Participant: 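One structure, as structure tokens, below. Some questions next.
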Amino acid sequence: MIGTDLHEARKYLLQNDVVAIPTETVYGLAGNALNTSAIVKIFHIKNRPFFDPLIVHISSADQVRTLATHIPEAALRLAAQFWPGALTLLLPRAALVPDLVTSGLPHVAVRMPNHLLTLALLQALDFPLAAPSANPFGYVSPTTARHVEQQLGHKIPYILDGGPCRIGVESTIVGFDDSERPVIHRLGGIAIERIEAIAGAVILQPIHSNRPQTAGQLDSHYAPAVMLQIGDLAELIARHKGKKMGILSFEMPYQEVNTYNIVLSKSGSTDEAAANLFAALRLLDDYKPDIILAEWVPNKGLGRAVNDRLRRASAKRG
Ligand code: TXA
Ligand code: MG
């Protein structure tokens with residue numbers, strides 16, 4: 001059921017059931033982060049492998065001290081600047097955090113989401129919420145309550161509807177190396193340029209890794225069901241002439257017969273492109289083309305996260 005009733009959502013969470021919650025990035029599938037039976041339900045509902053750890057959501061910066069044993073100076077500055085917001089910090093985990101949440105890894109991922117409904121919900125609970133994106137494992141993340149309902153509606157008792165997600169791509173995940181320099185583990189809703197302005201030069205985790213630490217770094221992820229190719233659209237369209245094509249362009253439309261074209265941002269804004277990306281991929285998938293053709297967006301600001309998701313959406317599965 002979809003609704004806006006916080007009490008209803010809270011009731012299920014207190015029973016260690018799982019509900020969908022809105023955030024400014026994407027919808028999450030939330031359960032009591034300190035209760036293993038709630039956590040197991042999250043993994044089952046998503047069909048997610050247990051080696052892929054979950055982000056723990058909090059409603060006040062102080063709560064992080066109960067979850068982590070040490071907070072680097074740069075992490076404090078980033079949290080002060082960007083929380084609540086699309087920033088997830090990887091911090092040495094405290095014993096309180098169940099193994100299942102971190103997949104046995106030494107760090108816990110923590111974030112304070114910037115959404116009034118979800119902050120109010122967290123404040124009404126005396127435990128933090130573990131929440132991966134509310135999509136089946138590997139598929140595109142949901143940015144509306146309806147997206148969640150379409151895929152997981154039959155598996156969860158409640159979807160808290162907070163409207164469409166403002167940012168539209170998942171949080172930026174920042175860890176720290178031995179010298180406590182910031183390391184970007186996933187490009188996301190806070191642009192690298194903004195992280196660097198607060199915490200200095202960042203280290204980018206190599207993106208083409210065949211041994212990812214976690215599934216969020218897997219090459220094939222965030223993927224629509226239909227095959228997706230990225231490149232120069234005019235060339236790709238010519239190459240696939242005669243096929244039923246779905247086209248995802250940045251700012252200009254491509255008028256072709258037998259195609260469905262979505263433009264991510266008519267004004268050429270990478271923020272707007274990020275906000276529209278996942279809904280666009282879902283619409284293109286629903287059109288059931290033979291192939292989806294896309295082009296890169298400018299590689300700056302949130303454009304980097306958009307390009308990262310496009311690259312993974314195009315990765316071969318098998
Ligand atoms: O914006 C977001 O981050 C959304 C909303 C719901 O908060 N959540 C989200 O969660 O994207 P999820 O589960 O779809 O992606 C979380 C990723 C994992 O796949 C993994 O790459 C990384 O976060 N992660 C989580 N815990 C980690 C840990 N302990 N160590 C390393 N990476 C971790
Ligand atoms: Mg996800």
Side-chain angles (χ1 to χ4, degrees), residues 18-31 33 39 42-43 45-59 67-68 82-94 97-115 117-119 121-122 128-143 145 147-148 151-152 159-160 162 165-176 183-190 205 207 209 212-223 274-275 278 302 305 308-309 312-313:
V18 168
V19 301
I21 56 166
T23 83
E24 79 281 33
T25 58
V26 300
Y27 274 73
L29 191 61
I39 305 300
I42 294 177
F43 280 97
I45 291 167
K46 267 191 73 103
N47 202 9
R48 179 178 177 115
F50 283 104
F51 66 75
D52 191 6
L54 307 181
I55 296 174
V56 178
H57 295 70
I58 57 176
S59 57
L67 302 169
F82 296 118
W83 279 357
L87 168 78
T88 293
L89 294 172
L90 291 182
L91 302 168
R93 69 185 265 219
V97 182
D99 268 340
L100 269 174
V101 169
T102 65
S103 302
L105 293 167
H107 293 89
V108 59
V110 187
R111 126 169 156 93
M112 192 196 305
N114 190 11
H115 194 291
L117 259 188
T118 290
L119 285 172
L121 176 64
L122 282 162
L129 290 174
S133 52
N135 51 282
F137 182 69
Y139 194 70
V140 176
S141 298
T143 52
H147 291 164
V148 181
Q151 291 186 304
L152 300 179
I159 299 169
L160 189 60
C165 300
R166 220 166 18 79
I167 291 184
V169 289
E170 300 83 352
S171 60
T172 303
I173 302 182
V174 182
F176 301 89
V183 181
I184 305 293
H185 290 254
R186 178 176 70 185
L187 295 165
I190 306 275
Q205 282 265 105
I207 351 190
S209 153
Q213 262 183 296
T214 63
Q217 299 164 4
L218 283 177
D219 261 350
S220 171
H221 213 67
Y222 311 104
F278 288 147
L302 296 197
D308 170 77
R309 302 305 187 269
R312 297 188 214 221

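Everything numeric here is computed off the predicted structure, so don't read it as measured data. We count ligands from 1, going down the list as the structure has it; atoms in each ligand are counted the same way.
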Participant: Tell me whether D52 is salt-bridged to K46, with the criterion being a basic N under 4.0 Å from an acidic carboxylate O.
Facilitator: no
Participant: Taking distance alone, with N or O pairs closer than 3.5 Å, would you say S171 contacts ligand 1?
Facilitator: yes
Participant: Indicate, as side chain, backbone, both or neither, the part of R186 found under 4.0 angstrom from ligand 1 when only non-hydrogen atoms are considered.
Facilitator: side chain
Participant: Only heavy atoms of P132, strictly under 4.0 Å: list the atoms of ligand 1 that pass.
Facilitator: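 That gives atoms 10 (O), 12 (P), 13 (O) of ligand 1.
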Participant: For T25, counting its heavy atoms only, list the atoms of ligand 1 lying under 4.0 Å from any of them.
Facilitator: 1 (O), 2 (C), 4 (C), 5 (C)
Participant: Under a 4.0 angstrom heavy-atom cut-off, which atoms of ligand 1 come close to A131?
Facilitator: 6 (C), 8 (N), 10 (O)
Participant: Enumerate the atoms of ligand 1 whose separation from the nearest heavy atom of H107 is less than 4.0 angstrom.
Facilitator: 28 (C), 29 (N)
Participant: Please output the side-chain donor-acceptor pairs of residues 84-92 that fall under 3.5 Å, not counting sequence neighbours, one pair per line with the distance.
Facilitator:
| unit_1 | atom_1 | unit_2 | atom_2 | d |
| --- | --- | --- | --- | --- |
| T88 | OG1 | S171 | OG | 2.7 |

Participant: Counting from 1, what ligand 1 atoms have a heavy atom of L54 closer than 4.0 Å?
Facilitator: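 Checking each atom against L54, I get 26 (N).
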Participant: With a 4.0 Å cut-off on heavy atoms, does R111 reach ligand 1?
Facilitator: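 Per 4.0 Å heavy-atom rule, R111 contacts ligand 1.
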Participant: Is there at least one pair of N or O atoms, one from D52 and one from ligand 1, spaced under 3.5 Å apart?
Facilitator: yes
Participant: Salt-bridged, R312 to E170, with N to O below 4.0 Å?
Facilitator: no
Participant: Under 3.5 Å between some N or O of ligand 1 and some N or O of R48?
Facilitator: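 Among all N and O atoms of R48, at least one is under 3.5 Å from an N or O of ligand 1.
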Participant: Measure the CD1-OG1 distance between I167 and T25 for me, rounded to the nearest 0.5 Å.
Facilitator: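 One gets 7.0 Å once the value is rounded to the nearest 0.5 Å.
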Participant: When you compare ligand 1 with T102, is there at least one nitrogen or oxygen pair between them that comes in under 3.5 angstrom?
Facilitator: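 No.
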Participant: Let me confirm one number: the CZ-OG1 distance from R166 to T143, rounded to the nearest 0.5 Å.
Facilitator: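 Going from the CZ atom of R166 to the OG1 atom of T143 covers 13.5 Å.
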Participant: side-chain contact (heavy atoms from CB on, under 4.5 Å) between F278 and N135: does it pass, once the steps are laid out?
Facilitator: CA-CA 11 Å; F278 288 147; N135 51 282; over 6 Å; no
Participant: Can you figure out which of T172, N135, I173 has its heavy atom closest to atom 23 (O) of ligand 1?
Facilitator: I173
Participant: Please list, in number order, the atoms of ligand 1 under 4.0 Å from a heavy atom of L90.
Facilitator: 27 (C), 28 (C), 30 (N), 31 (C), 32 (N), 33 (C)
Participant: Nearest 0.5 Å please: distance from the CZ atom of F50 over to the OG atom of S103.
Facilitator: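 So the CZ of F50 and the OG of S103 are separated by 9.0 Å.
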Participant: Show me which atoms of ligand 1 lie under 4.0 Å from any heavy atom of H57.
Facilitator: 5 (C), 6 (C), 7 (O)
Participant: Out of A134, G175, A86, S133, indicate the one that has the non-hydrogen atom closest to atom 9 (C) of ligand 1.
Facilitator: S133
Participant: Checking Y27 side chain against G162 main chain: does a donor-acceptor pair fall under 3.5 Å?
Facilitator: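 Checking the backbone N and O of G162 against the side chain of Y27, a donor-acceptor pair under 3.5 Å is found.
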Participant: Taking 2.8 Å as the limit, list every protein N, O or S atom around the Mg ion (ligand 2), by chain and residue number.
Facilitator: S133 OG
Participant: How many angstroms lie between CG in L160 and CG in L117, if you round to the nearest 0.5 Å?
Facilitator: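 The CG atom of L160 sits 5.0 Å away from the CG atom of L117.
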Participant: Does Y139 have any ring pair (Phe, Tyr, Trp, His ring centres under 6.0 Å) partners at least two apart in sequence or in another chain, and if so, which?
Facilitator: none
Participant: Between the main-chain N or O of L105 and the side-chain N or O of H107, is there a donor-acceptor pair closer than 3.5 Å?
Facilitator: no
Participant: Give a yes or no on whether the backbone of T23 and the side-chain of T118 come within a donor-acceptor separation of less than 3.5 Å.
Facilitator: no
Participant: Output every pair passing salt bridge (Lys or Arg N to Asp or Glu O under 4.0 Å) with a member in residues 128-142, not counting sequence neighbours, ordered by first then second residue.
Facilitator: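 Of all non-adjacent pairs touching residues 128-142, none passes salt bridge (Lys or Arg N to Asp or Glu O under 4.0 Å).
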